[in-house]
Amino acid sequence: MVKDLFERIQSNKGPLGKWASQAEGYFVFPKLEGELGPRMKFAGKDILNWSLNDYLGLANHPEVRQADTDAAIQFGAAYPMGARMMSGHTTYHEQLEKELAEFVMKESAYLLNFGYQGMVSIIDALVTKNDIIVYDVDSHACIIDGVRLHMGKRFTYKHNDLESMEKNLQRATKMAKETGGGILFITEGVFGMRGQQGKLKEIVAMKEKYNFRLLVDDAHGFGTLGKTGAGAGEEQGCQDGIDVYFSTFAKSMANIGAFVAADKDVIDYLKYNLRSQMFAKALPMIQTIGSLKRLELLRKSSEIKDKLWVNVNALQNGLKEKGFNIGDTNTCITPVYLEGSIPEAMVMVNDLRENYGIFLSIVVYPVIPKGIILLRMIPTASHTIEDINETLTAFEAIREKLVNGTYKAIAEKTTVDMEA
């Protein structure tokens, strides 16, 4: 008898799905309502929101809203119909690609419908079974899924660890000589959970010793780092050493879509080999024209990024002055590390939302070690100093309750079927 395919699904909901009955609608899949921004509604209550990736506050910028509206009126939501290669190609797509390439200081660029599927497809297209991939163990899920498609050898190195990088480059070099392939090195410009920049400058320097090509996912660096906002490579003075630069529109651009930039021969190759784009409908005109306006503001309105960093520095310095551990973040992403169990974390986040009106993301084991609670905040240009001071006051209060056992006592009285 063949086993029913759904038998496993019914008995094992997965590492996150198994908590759905307790967490869904509150801790996961929460419904935020109202206009996007620092002040929204959650479960009928007004909350101060630290969980939007709208770094530059462009989602509600009047020029952006107008550009989106005008594009929708002129073209509707469907235009263009078809994949770029067949019937979905427009001068607006070409213009956006040209301007993006210039902005990140690359020869050419290509639009992607979504960042996640784009990165998966880029990795798939760049390597053959004879090639070797070397990538950071803390890479984003889209990189991990792209690597999963690779039929050849791959090596992971310890997160941002130069010694481990070199050790695995040595292994990859030896293997590539045997297979007759090349080496693709993958890292991130900014690691989205803990906020550290990838060590791009040091990795680029390793090219003098090892023969590899470098792919960088700069989703959180684009628009926030570098003198012009061109990202982590510009920030570290090594943009030229990045062979393939990738970013999404879902962060600083407050939009849907993504792009990849590189030398023209590489982009020309990707255009004809990225299966996720070749066989998918083109990026709609609303997103394409809207992104042109967003990019224009990135280029011309440096005060937006300046305001972001005023808020980032105020929040991070305020947390450090009050004795909070924010790790070694050197980007906008602001993690706060506390000690406690998963049940304590759930009680604490409930307290933050219900009694202090603070909404943020919570990260626990297995993403981070047992006994650690990570509260992840995303400051934006739209936040105010008053928002920051209100949050600092709330954080002092919840830390006291965590330390004095208040949350532990509540958790012990509450049925929480989770590993501590």
Side-chain angles (χ1 to χ4, degrees), residues 53-56 58-59 61 63-119 121-122 189 216-219 221-224 226 228-231 233-234 239 242 244-264 266-272 274 276-278 280-301 304-305:
N53 287 322
D54 183 21
Y55 286 117
L56 301 175
L58 293 182
H61 192 287
E63 292 185 42
V64 167
R65 294 286 288 265
Q66 190 63 54
D68 291 349
T69 300
D70 291 344
I73 291 171
Q74 182 177 359
F75 294 102
Y79 197 101
M81 285 300 296
R84 291 277 298 280
M85 291 187 73
M86 302 302 291
S87 59
H89 188 60
T90 74
T91 55
Y92 289 100
H93 289 78
E94 287 184 334
Q95 180 185 349
L96 181 54
E97 287 169 344
K98 180 177 182 294
E99 293 187 17
L100 284 165
E102 291 174 353
F103 186 69
V104 298
M105 296 166 277
K106 294 299 178 187
E107 190 176 13
S108 188
Y110 189 57
L111 284 179
L112 310 169
N113 293 358
F114 292 97
Y116 198 109
Q117 68 173 203
M119 175 56 75
S121 200
I122 289 166
V216 174
D217 176 347
D218 202 24
F222 178 82
T224 68
T228 69
E234 183 185 36
Q239 188 77 346
I242 298 173
V244 183
Y245 179 92
F246 163 91
S247 187
T248 177
F249 296 158
K251 307 294 190 290
S252 290
M253 295 274 270
N255 206 353
I256 291 174
F259 73 99
V260 57
D263 289 344
K264 187 176 184 302
V266 176
I267 295 301
D268 285 345
Y269 172 81
L270 291 175
K271 283 167 64 175
Y272 289 89
L274 281 177
S276 66
Q277 308 307 307
M278 294 167 61
K281 185 177 181 293
L283 194 68
M285 206 64 87
I286 297 173
Q287 279 72 42
T288 305
I289 293 176
S291 289
L292 279 165
K293 172 55 69 175
R294 290 159 169 82
L295 187 58
E296 176 190 327
L297 292 171
L298 281 183
R299 291 196 308 262
K300 296 181 178 179
S301 305
I304 297 176
K305 184 164 74 71

Can you check whether Phe259 reaches Val104 side chain to side chain, under 4.5 Å on heavy atoms? yes

Given side-chain contact (heavy atoms from CB on, under 4.5 Å), test Leu56 with His61 step by step and report yes or no. CA-CA 9 Å; Leu56 301 175; His61 192 287; over 6 Å; no

Quick one: CG on Leu58 to CZ on Phe249, what's the gap to the nearest 0.5 Å? 12.5 Å

Asp68: which residues meet the salt bridge (charged side-chain N to carboxylate O under 4.0 Å, His left out) condition with it, sequence neighbours left out? Arg294

Please identify each residue that fulfils side chain to side chain contact (heavy atoms under 4.5 Å, CB included) with Glu107, with sequence neighbours left out. Asp263, Lys264

For the CZ atom on Phe114, are there more than 12 heavy atoms of other groups (residues, nucleotides or ligands in this structure) within a distance under 6.0 Å? no

Can you sort out the partners of Tyr55 under side-chain hydrogen bond (donor to acceptor under 3.5 Å, both in side chains), two or more places apart, ordered by chain and number? His220

Listed partners of Lys98 passing salt bridge (charged side-chain N to carboxylate O under 4.0 Å, His left out), at least two apart: Glu102

Approximate separation, where rounding is to 0.5 Å, of Glu234 CD and Asp218 CG: 10.5 Å

Does Gln287 reach the main-chain N or O of Gly257 with its side chain, forming a donor-acceptor pair under 3.5 Å? no

Of all the heavy-atom pairs spanning Ala258 and Phe246, show the shortest one and how long it is. CB-CE1, 4.1 Å

Pairs where residues 247-261 contributes a residue and the test side chain to side chain donor-acceptor pair (under 3.5 Å) is met, not counting sequence neighbours: Asn255-Ser291

Partner set under side chain to side chain contact (heavy atoms under 4.5 Å, CB included) for Ser301, not counting sequence neighbours: Leu297, Glu303, Ile304

Lys305 side, atom NZ; Thr228 side, atom OG1 - distance, nearest 0.5 Å: 7.5 Å

Under a 4.5 Å cut-off applied to non-hydrogen side-chain atoms, are Val266 and Val260 in contact? no

With a 4.5 Å limit on heavy-atom distance, are the side chains of Gln277 and Asn113 in contact? yes

Taking Ser121's backbone N and O only, do any of them form a donor-acceptor pair with Ser276's side chain (distance below 3.5 Å, no angle check)? no

Quick one: side-chain hydrogen bond (donor to acceptor under 3.5 Å, both in side chains) partners of Asp217, sequence neighbours excluded? none

Going by side-chain hydrogen bond (donor to acceptor under 3.5 Å, both in side chains), name the residues that satisfy it together with Ser108, two or more places apart in sequence or in a different chain. none

With a 3.5 Å cut-off and sequence neighbours excluded, list the donor-acceptor pairs that the side chains of residues 69-86 form with protein atoms.
from, atom 1, to, atom 2, distance (Å)
Thr69, OG1, Arg65, O, 2.7
Asp70, OD1, Gln66, NE2, 2.8
Arg84, NE, His89, ND1, 3.0
Arg84, NH1, Glu97, OE2, 3.1
Arg84, NH2, His89, ND1, 3.3
Arg84, NH2, Glu97, OE1, 3.3
Arg84, NH2, Glu97, OE2, 3.0

Sequence neighbours excluded, which residues qualify as side chain to side chain contact (heavy atoms under 4.5 Å, CB included) partners of Ala67? Lys293

Identify, with sequence neighbours excluded, every residue that meets ring pair (Phe, Tyr, Trp, His ring centres under 6.0 Å) alongside Phe103. Phe222

Rounded to the nearest 0.5 Å, how far does OH of Tyr110 lie from CD1 of Ile267? 10.0 Å

What are the two closest non-hydrogen atoms of Leu298 and Met253, and how far apart are they? CD1-SD, 3.9 Å

Please list, chain by chain and in numerical order, all residues satisfying side-chain hydrogen bond (donor to acceptor under 3.5 Å, both in side chains) with His93, sequence neighbours excluded. Thr90, Thr288

Kindly compute the distance separating CG (Leu283) from CG (Leu112), expressed to the nearest 0.5 Å. 9.0 Å

